[in-house]
Structures are given as C-alpha cells and as structure tokens.
There are 2 protein chains.
Amino acid sequence: MDVMEVSNKKRYYTDSQERMAKLAKALSNPVRVYILDFLANNLDRCCYSGDMVEDLPIARSTLSEHLKELKKAGLIQGEINPPYIKYCINQDKWDEAKALFGSFFKR
Amino acid sequence: MDVMEVSNKKRYYTDSQERMAKLAKALSNPVRVYILDFLANNLDRCCYSGDMVEDLPIARSTLSEHLKELKKAGLIQGEINPPYIKYCINQDKWDEAKALFGSFFKR
DNA sequence: TCTTTGTTTCGTAAAATTACGAAATGGATG
DNA sequence: CATCCATTTCGTAATTTTACGAAACAAAGA
C-alpha cells in the first residue's frame, strides 16, 4: 500500500456522483444487464459462464470480458468449482447500487 | 431467459434489458450525473448551460455534447428562451427510469 | 504424463466515447 | 443591417469499449 497522501487536487464530482457513474457504466451494456438478470433470477442454482453463453450471440471470450467488468465493478463474484466457475451476485454491492439509484431517482 | 422472435429477427435481450442499458449509458459519465443532479436540485429555477459550466472542468462545447446525450436518452429537455436555453428534467422519462432501476434492484 | 474441459488472457481490429477550439447558428438589440 | 450572446455543430485527436479467435491456464481424469 502506498503512503497516504492528502490530495490538494480539486474535485468536481461528489462521491455519490462518481459511484453512480461507475455503476451505471457497468450496467450500460445489454449483455451485462442480461448477466445480472440471469444471476439474480437463479440465486438458488449454479450459474456457470457456459450456461449463459448458450443464449447469447457472443463468443465465450467476450462473455468472459463482460464478467470481468462486472467483477471489477464489484457487482458479481466467482466461486471456483473446477472445472467450472460459479458466478453469483455480490449482495452487498447490489444493495449499495439499489440505495444509490433509489435515492438518485427518488425526487 | 426469454429469447423473443420478433419480425423474423432473433432478439437476445428483453425490452427492459435494452432500456436499462440505454439509460445506464446515459448515466455512465460523472458530468452527466452532475447535470442531472443539478437540474433535479433546481427544479424551481432556470438552469442554463452556462450556469453549469462554471463549476465543471470542461469546455462549453463538451458540456453541450453531454446535454445532447441526455436529450437523446430522453432524460432532459431544453426550452428555448433566447439567447438562453433553459434545461429541465423530463419527468416522464425520469419516472420510467426510476421504475426500471427500482424493479431491477428490488430482489 | 498427456488429455480433456471450462474459462481466461492475449493480440488485434473496429467502433464508440470524450474532449477541445474554431466556426456556425439563431434570436435579440443597437 | 451589423453586432452581440449563449449555445451548438464541426473537424479532429486521444482514449476506451467491444469483439473475435488463438493461445494459455488450471484442475480432473485416463
């Protein structure tokens, strides 16, 4: 970890605004919305990458990149279960997003 | 997930998924979140492009492009009031977005 | 050990996004 | 009519996103 450093750089956006933008970017592609829908609708089942690619018009490697984006945004996590990887929603981040979007639109 | 067959063309995403992705894309940039915040917090006042550029580290033309994006997404509208343009939230679209994101995260 | 299997990473290419300053626009005013 | 003013559009450039197939990877099994 780097030495902490007080930033004297002017900030133009609030934390909420930046977190909103980051989460929205994660949701800004229909493949990723599909993935989240799929995982949220199958909380009880195993959700492998292979289960999803069947119904999508994209290559496996492309799906993998979208999964990586969603992981980067913190919205999903992958539990390794060889040779599969079982994906699921990260409930904490999901709740954070719910709260953020909720308070943003509640006006 | 449903795969719909509409007018001979296979569709891979539901309407909700595509609308979510489009709205999220409009929200995927902090400048645009800032603009929406600004407009939503100043519903009673006139909101000119010039009012916003003051506090943002971007050129007027860039702000204009972001406004165009938000207009394209239907989230805002501009009322011409020469030589100014008064911007405001499009409440119908706002409510639609609220409902979409609300039902998406409500689980 | 050599495959097999599901998945990710890499190399690459096309398209979209973001940004700027200059120039154009469309009313209003002198 | 010429000018002013806030704003948009244009031309352009840098960066990011999306996508693919090939290659790499990691664990299990023959």
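Protein chains get the first letters and strands the later ones, always in sequence-line order, with residue 1 at the start of each.
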Colleague: With sequence neighbours excluded, give me every side-chain hydrogen bond (donor to acceptor under 3.5 Å, both in side chains) pair touching residues 18-28 of chain B.
Modeller: B:Arg11-B:Glu18, B:Arg19-B:Glu96
Colleague: Within the 4.0 Å heavy-atom criterion, would you say A:Pro57 contacts the bases, only the backbone, or no part of the nucleic acid?
Modeller: sugar-phosphate
Colleague: Which is true for A:Ile58 with a 4.0 Å heavy-atom rule: it touches a base, it touches only sugar-phosphate, or it touches nothing?
Modeller: sugar-phosphate
Colleague: Looking only at atom types and distance, does a side-chain atom of B:Asp51 sit under 3.5 Å from a main-chain N or O of B:Tyr48, one as donor and one as acceptor?
Modeller: yes
Colleague: Which is the 5'-most and which the 3'-most nucleotide of DNA chain D that has an atom under 4.0 Å from a heavy atom of chain A?
Modeller: D:dT17 to D:dA27
Colleague: Would you indicate whether the side-chain heavy atoms of B:Met20 and B:Phe104 approach each other to under 4.5 Å?
Modeller: yes
Colleague: When you measure from the side chain of B:Asn90 to the backbone of B:Gly74, do you find a donor-acceptor pair of N or O atoms at a distance under 3.5 Å?
Modeller: yes
Colleague: Under the rule for side chain to side chain contact (heavy atoms under 4.5 Å, CB included), what residues qualify as partners of B:Pro83, not counting sequence neighbours?
Modeller: none
Colleague: Which atoms of nucleotides 16-18 of chain C (N or O only) lie under 3.5 Å from a protein N or O atom, and what are those distances?
Modeller:
unit_1 : atom_1 : unit_2  : atom_2 : d
C:dT17 : OP1    : B:Lys25 : NZ     : 3.0
C:dT18 : OP1    : B:Asn29 : ND2    : 3.4
C:dT18 : OP2    : B:Arg32 : NH1    : 3.0
C:dT18 : OP2    : B:Arg32 : NH2    : 3.3

Colleague: Report, one pair per line, the protein and nucleotides 5-7 of chain C atoms (nitrogen or oxygen only) whose separation is under 3.5 Å.
Modeller:
unit_1 : atom_1 : unit_2  : atom_2 : d
C:dG6  : O4'    : A:Pro83 : O      : 3.4
C:dT7  : OP1    : A:Ser49 : N      : 3.1
C:dT7  : OP2    : A:Gly50 : N      : 2.8

Colleague: Only counting residues at least two apart or in another chain, list the ones meeting side chain to side chain contact (heavy atoms under 4.5 Å, CB included) with A:Ala99.
Modeller: none
Colleague: If you look only at distance, which donor and acceptor atoms sit under 3.5 Å apart when one is on a side chain in residues 64-73 of chain A and the other is two or more places apart or in another chain?
Modeller:
unit_1  : atom_1 : unit_2  : atom_2 : d
A:His66 : ND1    : A:Arg32 : NH1    : 3.0

Colleague: With A:Phe105, which residues qualify under ring pair (Phe, Tyr, Trp, His ring centres under 6.0 Å), at least two apart?
Modeller: B:Trp94, B:Phe101
Colleague: Check side chain to side chain contact (heavy atoms under 4.5 Å, CB included) between A:Thr14 and all other residues, then give those that pass, not counting sequence neighbours.
Modeller: A:Ser16, A:Gln17
Colleague: Looking at residues at least two apart in the chain, or sitting in another chain, which of them share a side-chain hydrogen bond (donor to acceptor under 3.5 Å, both in side chains) with A:Asp95?
Modeller: A:Gln91
